[in-house]
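First comes the structure, then the notes that go with it.
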Amino acid sequence: MRLVFMGTPDFAVASLRALHEAGHDIAAVFTRMDTPKNRGMKLLPPPVKVLALEYGIPVYQPKNLRGEDTLETLRALAPDVIVVAAYGRILPQTVLDVPKYGCINVHASLLPKYRGAAPINAAILHGETEAGVTIMKMEAGLDTGDMLLPVSTAVLPNESFGSLHDRLAAIGGEAIVRALEMLARGELHPVPQRDEDATYAPMIAADDCRVSFERPAEQVACQIRAYDPAPGAFCTLGGGKIKLFAASPEEGVQGARPGAILSADKKGVVIACRTGAVRVGEVQAAGGKKMAADAFFRGHSALLQEDFA
RNA sequence: CGCGGGGUAGAGCAGUUCGGUAGCUCGUCGGGCUCAUAACCCGGAGGUCAUGUGGUUCAAAUCCCAUCCCCGCAA
């Protein structure tokens, strides 16, 4: 099957690799432009671009997909299908119409739940016990197309975003390869999404990552795990910003002042919430590296007297 | 040249303002105590203070210069 791949971040890399290793003829890879700004203004290529170049696949990084020249390029590539995985751009109808079999998306949720940009974070944030990947037929709406192949996986207890992300990326790679096999055999059966069951997972805003201990411990723990390891849920301690990682609810704590440090040892620091408490295994203060909470407080013992806020 | 914090013992930090004996908590090793322990007591080992064998100085972790590396913010 001759295809064009569109994707940008690490999640898409797994799919690109799987397709390449399955022997598909990947005529070209479309990805976003190198981000010209980082600390020190470094130009960073998207992960998908790095792998594509490694494979010797032509890479295109158009500013948008509406330009006539881009459309011409796509048509000239004559793909049977376009595979999209976290490309980060809405595909206009003109692009959707190019391939014979249309455009197929690898989406990291069990649709119709969590349409949108940050489905994996949303699954953790909402305490889901099941997550997954849905291979879907793309249409003009945002993740609204017919479902072709859903694959689910259990969310482990206290699992963080990073771990689930990597697993779903791998599952996505396997699923898209399988879906293309089924497509070739005419075995794919589109199933419409029930729009009334749909929920959205919008892009993560900086404020989403701010932790408030004036909430139940379960929610606090989910929030911390939803942004672990990146971008990192944060709060303040002793006037400084501090990120929190490796969180789990702590049993048997009640009535403590929210934000108070109840204990700190090798297993982490226990912080009181509105109801219950959370145990945080790792922290990272501004300017510092991520480290075990135990190690952090060994060098900042005065902060043990402060409250998280 | 986007803004900013940092590099000191295996880990985390203090010391740098105002140059003058290398410190703290933990780990580690040895010993003691204990029914026992991640507890407690005593003792020891372990550091070219990121690099330049750079500059200033009688003397630099500390002041000056250059370089490398790590991280937060912003995008």
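Residue numbers start from 1 in every chain, and the chains themselves are labelled A, B, ... in the order their sequence lines are given, proteins ahead of strands. Note that the structure is a prediction, hence the values are computed from the model and not measured.
Across the C1' atoms, G5(B) and U16(B) are found 16 Å apart, a figure rounded to whole Å. Between C18(B) and A60(B), the two C1' atoms lie 14 Å apart (nearest whole Å). Atom name P, nucleotides A59(B) and C70(B): the rounded distance is 35 Å, in whole Å. Distance check on atom C1': G27(B) versus A9(B) gives 11 Å, rounded to whole Å. For the C1' atom pair drawn from G12(B) and G19(B), the interatomic distance equals 27 Å after rounding to whole Å. Rounded to the nearest Å, the gap between the P atom of A50(B) and that of G10(B) is 13 Å. Distance noted for atom P between G46(B) and A38(B): 26 Å (whole Å). Atom C1' of U62(B) sits at a distance of 12 Å from the matching atom of U8(B), rounded to the whole Å.
The partner of U67(B), taking Watson-Crick or G-U wobble pairs whose two distances both stay under 3.5 Å, is A50(B). Base pairing annotation: G72(B) forms a Watson-Crick or G-U wobble pair with C3(B), both donor-acceptor distances under 3.5 Å. In this structure A9(B) sits in no base pair that meets the Watson-Crick or G-U test at under 3.5 Å. Look at G43(B): its Watson-Crick or wobble partner, with both distances under 3.5 angstrom, is C29(B).
Rounded to an integer number of Å, the gap from CD1 of Ile204(A) to P of A74(B) is 14 Å. In this structure, Glu282(A) atom CD and A11(B) atom P are separated by 16 Å, rounded to whole Å. Separating the CG atom of Asp294(A) from the C1' atom of C13(B) is a distance of 13 Å, rounded to the nearest angstrom. One interatomic measurement links the two molecules: NE2 of His300(A) to P of G15(B), which rounds to 11 Å at whole-angstrom precision. Atom CZ in Phe234(A) sits roughly 11 Å away from atom C1' in C73(B) (whole-Å rounding). Atom NZ in Lys266(A) sits about 19 Å away from atom P in G10(B), given to the nearest Å. The CE-C1' distance, from Met291(A) to G5(B), rounds to 13 Å in whole Å. Atoms OH (Tyr227(A)) and P (G72(B)) sit 18 Å apart, rounded to a whole Å.
Between Arg298(A) and Lys289(A), it is Arg298(A) whose nearest contact on RNA chain B lies nearer the 5' terminus.
Residues Gln61(A) and Asp34(A) have side chains that bring a donor and an acceptor to within less than 3.5 angstrom of each other. Between Asn64(A) and Arg89(A), the side chains place no donor N or O within less than 3.5 Å of an acceptor N or O (distance only, hydrogens not considered). Side-chain atoms of Thr275(A) and Gln254(A) include no donor-acceptor pair closer than 3.5 Å.
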Cut-off 3.5 Å, no hydrogens considered: what does the side-chain donor-acceptor table look like for residues 149-157 of chain A, sequence neighbours left out?
{"residue": "Ser152(A)", "atom": "OG", "partner": "Glu130(A)", "partner atom": "OE2", "Å": "3.2"}
{"residue": "Thr153(A)", "atom": "OG1", "partner": "Arg167(A)", "partner atom": "NH1", "Å": "2.8"}

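A salt bridge links Asp265(A) to Arg279(A): at least one charged side-chain nitrogen sits closer than 4.0 Å to a carboxylate oxygen.
Aromatic ring centres of Tyr114(A) and His126(A): separated by under 6.0 Å.
Here Lys241(A) lies in heavy-atom contact (under 4.0 Å) with sugar-phosphate atoms only.
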